[in-house]
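Everything below concerns the one structure shown next.
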Amino acid sequence: MAEETTGLAAVRPAGRALSPWTRRLLTFAALALFAVAIAYMEGPNFSPYYRRILNVALIYVVAAVSYNLVNGIAGQFSLGPNGFMAIGGFFTTLMMLPVARKEQVFFLQPLIWPLSEFSLPEVLQGALSRLIPGSAAIAFLSMSLGFLGALVLAGVMAALGGLVVGIPSLRLRGDYLAIATFGFGEIIFVLANNLISVTNGPLGIRDIPEYANLWWTGGAAVFTLWAVQNLVNSTYGRALKAIREDEIAAETMGINVFAHKLLAFVVSAFFAGVAGGLLAALLTTISPSLFTFMMTFNLLIIIVLGGLGSTTGAAVTAVVYAVLQEALRAVEAPMRLGPIHIPGVPGMRMVVFSLLLIFLMLFYRRGLFGRSEFTWQAAWETAHRLGAALGGLFQRGTGRPAGEVRRPRGR
Amino acid sequence: MTADVVVQQLLNGISLGGLYSLLAIGYTMVYGILRLINFAHGDVFMVGAYTAFYLVGIFRLPWWIAAPGAALFTALVGVTIDRAAYRPLRNEPRISALITAVGVSFFIENLGLVMLGGRPKGMPVPGVMARAYSVGPFRIPGVTLWVPVLTVALVLLLLVLVYRTRIGTAMRALSRDIETTRLMGVDVDRVISYTFALGSALAAAGGIMWSFQFPQVNPLMGIYPGWKAFTAAVVGGIGNIVGAMIGGFLIGIVEIMTVGLLPHLSGYRDAFVFGLLIFFLLVRPTGILGEPLKEKV
């Protein structure tokens, strides 16, 4: 509210407070609009290339929003989400892969016992067809339920991983926490490369049935935003912010610092696992190299650019970043500027991105959103102000006095 | 497993450990003063190796000019990184500098990939390092013999510098209390620049000898040595130069012994090193020679 009383003080009051019901209505309208947009984009008239970018963007939303919960909201600098995404990715794959396919893939060493015996959709299909014999919907239903179950289980496995990593490392602070989580991330990476009877080693697993689509990624993104924002706005979230600001003060106030940090870490690991699972099912191929430190680096840029501590920032920037990553492919293409011919330089994107991160930290550390969040109230007030300003412009155009609207500068 | 194999592996471990030591000292000096993990230090190591590679391979300089030249250039790179990326953030929360350091590291790696190409290049190895020496029943490659010797010599030189010169005294003062040191009239930024220069020069020495041991250079060669050297710095007690050296040798020996004695687990060598790091962080976060941490409120 502070900037309103200074900058645009002359503009008329920014509108009334919205009632909770209005806000809920607006939320439902926005969700409905989102659903319509997905229905269109999953349709035949939409380019598969753009659909792929949007899918990746929404997976980034899931991963970035959950990563921000630890780094931005709780202020614990972790460098290990790539490990949790790897757990989720491999677990989802192993749940979804048909049994016959598993036997083909794991030719170096057979897959370990319980995982080698079943595939979640097949199990469900068997169970469902016993209940409702001979329905065509069974295949679809068992596949969807199977994928949902696989994602949830992948999240749970990643959360367990989060517990294993978090209990020892969250005793550490600051840089030491960063190193410890990085170390764990690398250990998970090493395990993924070497536990050939689980992950098929560096070869990875190809031809995963393509389950993920915009309904799944969009749904996961919305669910993540809902869950994380509810957590952030609860007493737990306020405690996390208190820990971020001053751990010792928070402890003195009776907050169980360790338990709260661990909660944030485990929830974050859960959604990272879901994001990893979605990624595996979108790309239809998975190997340890997908989950190197590079993944963490991307997420780090996203949450810093969006504003450490802002869920809105993480979500918006995740989409921007995914699109930018594609758009910047132009940087790597050969260019012709008049007489100057610049040959294409593969890998230039990452140079640009790392420079971007450095410049952001040096000159624009607040990020796009700082620590503020999108609310309907703020949107409503902005719309009001915009309306007033436009109205003022219009009035000036008809020769009437501009009134209280901000005057043009320099006169 | 015969005794001479164990001894041979031990020597290999000591040699590798020497390389980690040289790199670990840079981490420990910067951390001791700025409380900053210089993520880019491993990439500075790569810059050192590449500079020597080009000076010898392209410009045909003899090693006694190329190696100091590479160290000098690398020192400049280190100082530039500090000036450009870390100094503007001195008074900001430490997490900002840490994120910037991650960015600098990625920048150097990717710039290296773009400019130098991703394919490893073969490093010319000077004769002294390439020939094998017969010591008793063992045949020891020159690298294995000379790397620990050179490491200890360089560390002794550094210790003289830190404990017997004015700039060294200033460094030690900074690691105690930057603000008080500043009030005593010390040009803090200049001392920090010297610290980066020294650390980077040692990293260059490590990088060059690394590319003798594994005779090639590539733009990503600094990542894992960097992390393991940082581990060594933590294990030795961060901020302590002798500790970093001990930590470096320890990590090198553990890594080689893992591979040598448990060959079927050789794929997990990195996991062992990071496991050791986490173990030390939990059991003795101040490291072997570190002073106990004081809780500041």
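Order of the sequence lines fixes the chain letters, A, B, ..., with proteins taken first and strands second; residue numbering starts at 1 for each chain.
- Annotation: B:R90, atom CZ; neighbour count of heavy atoms from other residues, nucleotides and ligands within 6.0 Å is above 12.
- Taking CG of A:L360 as the start and OG of B:S96 as the end, the distance is 11.5 Å to the nearest 0.5 Å.
- Contacts between A:A249 and chain B at a heavy-atom distance below 4.5 Å are absent for every atom of the residue.
- In this structure, no portion of A:I301 lies under 4.5 Å from any heavy atom of chain B.
- At a 4.5 Å heavy-atom cutoff, A:F359 makes no contact with chain B through either its backbone or its side chain.
- Between A:M361 and B:L89, the shortest heavy-atom distance links the atoms O-CD2, 3.6 Å.
- Looking at B:F39, only its side chain comes within 4.5 Å of chain A, counting heavy atoms on both sides.
- When side chains are defined from C-beta on, A:I187 does not count as touching B:Y268, because their heavy atoms never get closer than 4.5 Å.
- Here the shortest heavy-atom pairing between B:G103 and A:F297 reads CA-CE1, 4.1 Å.
- Note that the CG atom of A:L362 and the OH atom of B:Y86 stand 10.5 Å from one another [nearest 0.5 Å].
- The part of B:A84 that comes within reach of chain A is its backbone (N, CA, C, O), which places non-hydrogen atoms under 4.5 angstrom from that chain.
- When the options A:T296, A:I358, A:L300 are evaluated for a side-chain contact (heavy atoms from CB on, under 4.5 Å) with B:V102, the one that passes is A:L300.
- For CZ of B:F214, the number of neighbouring non-hydrogen atoms (other residues, nucleotides, ligands) closer than 6.0 Å is greater than 12.
- In plain terms, the two heavy atoms of B:G267 and A:V190 that are nearest each other are O-CG1, 3.6 Å.
- Considering CD1 of B:I99 and CD1 of A:I303, their distance stands at 7.0 Å, rounded to 0.5 Å.
- Two residues are said to be in side-chain contact when any heavy atoms from C-beta on lie closer than 4.5 Å; A:L357 and B:F107 fail this criterion.
- Using bins of under 30°, 30° to 60° and over 60° for the plane-to-plane angle, the ring pair B:F274/A:F182 lands in the perpendicular bin.
- With a 4.5 angstrom heavy-atom cutoff, B:L265 does not touch chain A via any of its atoms.
- Contact annotation for B:F272: neither backbone nor side-chain heavy atoms come within less than 4.5 Å of a heavy atom of chain A.
- The environment of A:F353 atom CZ is dense: over 12 non-hydrogen atoms of other residues, nucleotides or ligands sit within 6.0 angstrom.
- The aromatic rings of B:Y31 and A:Y176 stand perpendicular to each other, their planes meeting at an angle above 60°, with 30° marking the opposite boundary.
- The nearest pair of heavy atoms linking B:N110 to A:S354 is ND2-OG, 4.4 Å.
- If you measure heavy-atom distances from A:I196 to chain B, you find no contacts under 4.5 Å at all.
- The distance from the CD1 atom of B:I37 to the CG atom of A:L79 is 8.5 Å, given to the nearest 0.5 Å.
- Of the two parts of B:L277, only the side chain, counted from C-beta on, holds a non-hydrogen atom closer than 4.5 Å to a non-hydrogen atom of chain A.
- Here the shortest heavy-atom pairing between B:L281 and A:L172 reads O-CD2, 3.6 Å.
- Of the atoms belonging to B:Y224, it is side-chain heavy atoms, and not backbone ones, that fall under 4.5 Å from chain A.
- Nearest heavy-atom pair across B:L111 and A:V351 is N-CG2, 3.6 Å.
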